[in-house]
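This report refers to the structure that appears directly beneath it.
For this chain, numbers begin at 1 and follow the sequence in order. If you're wondering where the values come from, they're calculated on a predicted model, not measured in any experiment.
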Amino acid sequence: MASIRRTLSPSNERHYQNGNQYSVQSPSHKLVLNGKSSSLLYSRKNYISRKKLFYRCLVFFVLGFVLGMAPFGGFDDARSSDFSFEIKPPVVNVKEEMKDVVIPRPDNVVVNSVKLPGSGEEVQGKFDYVSRKLLIVVTPTYNRALQAYYLHRLSEVLKLVKSPLLWVVVEMNVASAETADILRKTGVMYRHLVCSKNMTDIKDRGVHQRNVALEHIEHHRLNGIVYFADDDNIYSLELFESIRSINRFGTWPVAMLAQSKSKAILEGPVCNGSQVIGWHTNEKSKQLRRFHVDMSGFAFNSTILWDLKKWHRPTSDPIRQLDNVKEGFQETTFIEQIVEDESQMEAVPPGCSRVLNWHLHLESRGVVYPGGWLLQKNLDAVISTT
């Protein structure tokens, strides 16, 4: 008889007496289980490593933040730090090197030759580099027959004066085109100012015109020597060169005609060397004046007008000429605002040995105005219509 044999199932289940049933797993099934456990183990290790990396980054971030906020120095310290290096030149013995070198005087610099670029020619000459004080020449003027002649004559003298020089010309009410045209053609550095005062309230127009110039000098703080030069006076070139040496206030005698026009008189200081020891005066009515000097017989340092600390001025009141004083007292009342006495004055030139300008008081009456100039009154003239 044929026998029938049942094959065992893959599970190969076995029953024991105690009723428990165990299953025997196949090798392939063990492989699957081992694969699952290994993937779980890898994912757990990866999670732990990421966690450690996160904590490390957090620690370094906190450490960097704390170090950044620590007061080890600011941006200014880093900016002010000098990261440059210095290359020191070799030590040179200046005395040995300059032993045979001759240095010329600054007031007499001679250049052997100068080659002009592009010309190919050499120019020989003497170049003067002397530093000079600025001369501020103040001239009040007004419309009259010989105004053009006076301005031209004065400008010819000023053109010969060594620079720097500033000519301040002041007119009344309006700057006339004729005066402006004359000033442009002189070749002298100038400023054309206008005194806008009501003529009915003016006692002496020259006083207000000079005050306008003084206000201009004070406002712009011009540093130089101020000199009041009327256009109808006569001046020597030596006068302008001499007043550059004035420190505070300088004065000199002025020659002028007497009222009779028959003789010349002197008005100004009596000097002993560079000191003022007295005054020339020829009129009894002027004995009450403190300083007997003409308006064109003195000059002063312009910084007195605006630098109070340098000259120890007791008050800050502006220095101006006065219009409410008697005729002839404008000069002395003005000078009293600049100096206290003769000890603060300087004689120009030393010893007052020469007359440097003349005040002649020559009137130009009965002279016809040049064409184009303003006339206050019509001239009597007969014009033929034929």
Checklist entry - Has the side chain of S245 got a donor or acceptor atom that lies under 3.5 Å from a matching backbone atom of S242? => result yes

Checklist entry - Counting heavy atoms not belonging to E215, are there more than 12 under 6.0 Å from its CD? => result no

Next on the checklist: Which heavy atom of V270 sits nearest to which heavy atom of H280, and what is that distance?
Outcome noted: CG2-NE2, 3.6 Å

Checklist entry - Are the ring centres of Y227 and W252 closer than 6.0 Å? => result yes

Item to check | Contact summary for E171 and N143, nearest pair of heavy atoms | outcome: OE2-OD1, 3.9 Å

Checklist entry - Should we count NZ of K310 as having more than 12 external heavy atoms under 6.0 Å? => result yes

Checklist entry - Are the side chains of V293 and T332 in touch, meaning some heavy atoms are under 4.5 Å apart? => result no

Checklist entry - Out of curiosity, does M295 fall in the hydrophobic cluster containing L239 (side-chain heavy atoms, cut-off under 4.5 Å, transitive links)? => result no

Checklist entry - In the single-linkage hydrophobic clustering (I, L, V, M, F, W, Y; side-chain heavy atoms under 4.5 Å), do V348 and I304 co-cluster? => result no

Next on the checklist: Is the shortest side-chain heavy-atom distance between W311 and L308 below 4.5 Å?
Outcome noted: no

Checklist entry - In terms of hydrophobic clustering (I, L, V, M, F, W, Y; side-chain heavy atoms under 4.5 Å; direct or indirect links), are L134 and V168 co-clustered? => result yes

Item to check | Sub-4.5 Å side-chain heavy-atom contact between Y142 and Q147 | outcome: no

Checklist entry - Any donor and acceptor pair, going by atom type alone, linking the side chain of S302 with main-chain N or O of G224 inside 3.5 Å? => result yes

Item to check | Heavy-atom donor-acceptor pair, T139 side chain to A229 backbone, under 3.5 Å | outcome: yes

Checklist entry - Is the NZ atom of K133 crowded by more than 12 outside heavy atoms at less than 6.0 Å? => result yes

Next on the checklist: For the CD atom on Q337, are there more than 12 heavy atoms of other groups (residues, nucleotides or ligands in this structure) within a distance under 6.0 Å?
Outcome noted: yes

Item to check | R153/E156 ion pair, N-O < 4.0 Å | outcome: no

Item to check | Shortest non-hydrogen contact between I246 and A299, atoms and distance | outcome: CD1-CB, 3.8 Å

Next on the checklist: Within the 4.5 Å heavy-atom criterion, are E331 and F291 side-chain neighbours or not?
Outcome noted: no

Item to check | Any side-chain heavy-atom pair of W167 and S155 under 4.5 Å | outcome: yes

Next on the checklist: Do R289 and W279 have side chains that approach each other closer than 4.5 Å (heavy atoms only, starting at C-beta)?
Outcome noted: no

Next on the checklist: As an exercise, state the distance from NE2 of H216 to CG of L166, rounded to the nearest 0.5 Å.
Outcome noted: 7.0 Å

Next on the checklist: Is any side-chain heavy atom of K197 closer than 4.5 Å to one of R205?
Outcome noted: no

Checklist entry - Transitively linked via ILVMFWY side-chain contacts under 4.5 Å: M172 with F228? => result no

Next on the checklist: Using a strict threshold of under 4.0 Å (side-chain N to carboxylate O), is an ion pair present between D323 and R210?
Outcome noted: no

Checklist entry - Sub-3.5 Å donor-acceptor pair from the side chain of Q344 to the main-chain atoms of F249, do we have one? => result no

Next on the checklist: Donor-acceptor check, side chain of N301 to backbone of T303, threshold 3.5 angstrom: yes or no?
Outcome noted: yes

Checklist entry - Using 4.0 Å as the upper bound for N to carboxylate O, is an ion pair formed by E342 and R290? => result yes

Next on the checklist: Between F334 and F300 (judged by ring centroids, cut-off 6.0 Å), do the two rings come close enough to count as a pair?
Outcome noted: yes

Checklist entry - What are the two closest non-hydrogen atoms of T251 and M345, and how far apart are they? => result CG2-SD, 4.4 Å

Item to check | Side chain to side chain, T186 and L158, heavy atoms closer than 4.5 Å | outcome: no

Checklist entry - For D294 and E267, which heavy atoms make the closest approach, and how far apart are they? => result CB-OE1, 3.9 Å

Checklist outcome for this item: Between A347 and V276 the two heavy atoms that sit nearest each other are N-CG2, 4.5 Å

Next on the checklist: Let me check something: do V138 and L151 share a hydrophobic cluster, defined by ILVMFWY side-chain heavy atoms less than 4.5 Å apart, either directly or through other members?
Outcome noted: no

Checklist entry - For L165, does its backbone N or O pair with a side-chain atom of R132 as donor and acceptor, under 3.5 Å? => result no

Checklist entry - Distance-only, no hydrogens or angles: does the N211 side chain make a donor-acceptor pair with backbone N or O of Q321 under 3.5 Å? => result yes

